[in-house]
Amino acid sequence: MTEIDIHQDTSEAVAMPTPPAEHELVRWAHAARQAKGIAESLAPTSFVPRSLQGNPGNIIGAILAGYEMGLQPMAALRSIDIIQGTPALRAHAMRGLVQSRGHQVQLVESTDGVCVMRGRRKGDTEWQEVVWTVERAQTLGLLGKDQWKKQPQAMLVARATGEICRLIASDVLHAMPYAREELENETVPEVPRVTVQELAPEAEGDGGGVADDDPWHASNAVGVSEEPDSDDEEQALFYEHAEASR
């Protein structure tokens, strides 16, 4: 064998450079495109919760969020709801996700008046414990809600589940830290209207005019009413939407 032959054999043995790995965001975008067809097919069916039916965009979001948390598409659709505009896991799905990562969640006591749950991270020896009672629910104004009247024991379990799962495994629940049962029983706080005068009271005796570029003066303000608005139509529509999503 000549030196030329040896050189050619060596050149052929040299490995080709490895192409750069596909960026994670590119893979995510590809997954979103693939999920679009599934979402459009499932949107009118009963295989998705009422809060997702007829809304392919929300279905895509549920599938992708579930994928990031380790849920298969159909499992994600049966585990995620949109409550008052916020995606949320059902309590049993939240507990299942946390346990699937090797963390422990145990129900210690459950009655119509109290729920005690404890949990600990994988590898930890110390238990964390949470307690939910009807007195605590009463303080938060929850007992007047329909589901709390019908099944207080189940609602206490759901509340305790959400709290203990966030306490021991918040990293598992980054995409959806609250349980559906927590959000659907919350009262949406009324947002107070603020006038321009309350934000920036005019100084007395300044003797000057109003600058054209002064954003704090009522005459130049955008999106803020000069006087308090007594019309509550927007507030009523907001609550109507919230009730419809339940």
Side-chain angles (χ1 to χ4, degrees), residues 22-101 140 142 144-151 154-155 157-159 161-163 165-166 169-191 223 231-246:
E22 188 177 42
H23 194 279
E24 182 66 26
L25 184 58
V26 175
R27 291 199 295 270
W28 189 92
H30 177 71
R33 287 193 295 270
Q34 296 299 315
K36 182 175 183 293
I38 300 174
E40 291 174 345
S41 298
L42 291 175
T45 73
S46 298
F47 283 92
V48 295
R50 189 186 310 171
S51 63
L52 297 177
Q53 285 181 357
N55 194 324
N58 280 347
I59 294 175
I60 293 173
I63 291 174
L64 294 176
Y67 177 76
E68 290 184 0
M69 293 185 291
L71 293 172
Q72 292 297 316
M74 293 307 297
L77 293 177
R78 300 308 301 169
S79 301
I80 297 172
D81 285 296
I82 306 296
I83 306 299
Q84 300 191 46
T86 301
L89 280 166
R90 300 187 180 190
H92 67 83
M94 181 179 286
R95 184 166 60 248
L97 277 174
V98 169
Q99 291 174 328
S100 72
R101 301 298 196 279
L140 294 174
L142 299 175
K145 307 291 184 179
D146 186 54
Q147 290 302 315
W148 280 89
K149 294 177 181 179
K150 292 179 179 178
Q151 45 182 0
M155 298 310 297
V157 170
R159 284 278 173 163
T161 295
E163 187 169 330
C165 287
R166 286 190 297 274
S170 59
D171 54 322
V172 179
L173 307 171
H174 279 324
M176 257 166 257
Y178 289 97
R180 165 197 171 173
E181 292 83 352
E182 293 177 286
L183 293 182
E184 69 180 355
N185 287 289
E186 290 292 345
T187 300
V188 180
E190 181 178 352
V191 179
D231 189 355
D232 291 331
E233 287 187 8
E234 291 183 2
Q235 189 77 16
L237 287 173
F238 181 81
Y239 279 101
E240 181 180 345
H241 175 73
E243 288 294 331
S245 67
R246 296 182 182 178

Ile80/Met176 under side-chain contact (heavy atoms from CB on, under 4.5 Å): CA gap, chis, key distance, verdict: CA-CA 9 Å; Ile80 297 172; Met176 257 166 257; 3.6 Å; yes
Stepwise side-chain contact (heavy atoms from CB on, under 4.5 Å) check, Leu42 with Met74: CA-CA 10 Å; Leu42 291 175; Met74 293 307 297; 3.9 Å; yes
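The closest donor-acceptor contact from the side chain of Glu68 to the backbone of Ala65 lies at 3.5 Å or more, if one exists at all. Under the 3.5 Å distance criterion, the side-chain polar atoms of Gln53 are matched with a main-chain donor or acceptor of Val48.
Of all heavy-atom pairs spanning Gln147 and Met155, the tightest one is O-CG, 3.7 Å. The two residues Leu183 and Ala88 have their closest heavy-atom pair at CD1-CB, 3.6 Å. In this structure, Arg78 and Phe47 approach most closely via the heavy-atom pair CD-O, 3.4 Å. Scanning all heavy atoms of the two residues, the minimum distance from Ala43 to Pro56 falls at CB-CG, 4.1 Å. Between Met69 and Val172 the shortest heavy-atom distance is CG-O, 4.0 Å. Between Ser100 and Leu97, the closest heavy-atom pair is OG-O, 2.6 Å.
Remark: Lys150 NZ to Lys145 NZ distance equals 14.0 Å, nearest 0.5 Å. From Ile59, atom CD1 reaches atom CD1 of Ile38 across 10.5 Å, with rounding to the nearest 0.5 Å. How far CG of Leu173 is from CZ of Arg166: 8.5 Å, rounded to the nearest 0.5 Å. Considering CG of Leu52 and CD1 of Ile63, their distance stands at 9.5 Å, rounded to 0.5 Å. Within the model, atoms CG of Leu77 and OG1 of Thr45 stand 8.5 Å from one another, a figure rounded to the nearest 0.5 Å. Atom NE2 of His92 is separated from atom OG of Ser79 by 5.5 Å, given to the nearest 0.5 angstrom.
Among residue pairs with one or both ends in residues 39-49, those qualifying as salt bridge (Lys or Arg N to Asp or Glu O under 4.0 Å) are Lys36-Glu40; sequence neighbours excluded. Listed by first then second residue, pairs satisfying salt bridge (Lys or Arg N to Asp or Glu O under 4.0 Å) with a partner in residues 86-97 read Asp81-Arg90, not counting sequence neighbours.
In terms of the salt bridge (charged side-chain N to carboxylate O under 4.0 Å, His left out) criterion, Lys149 has no residue partners (sequence neighbours excluded).
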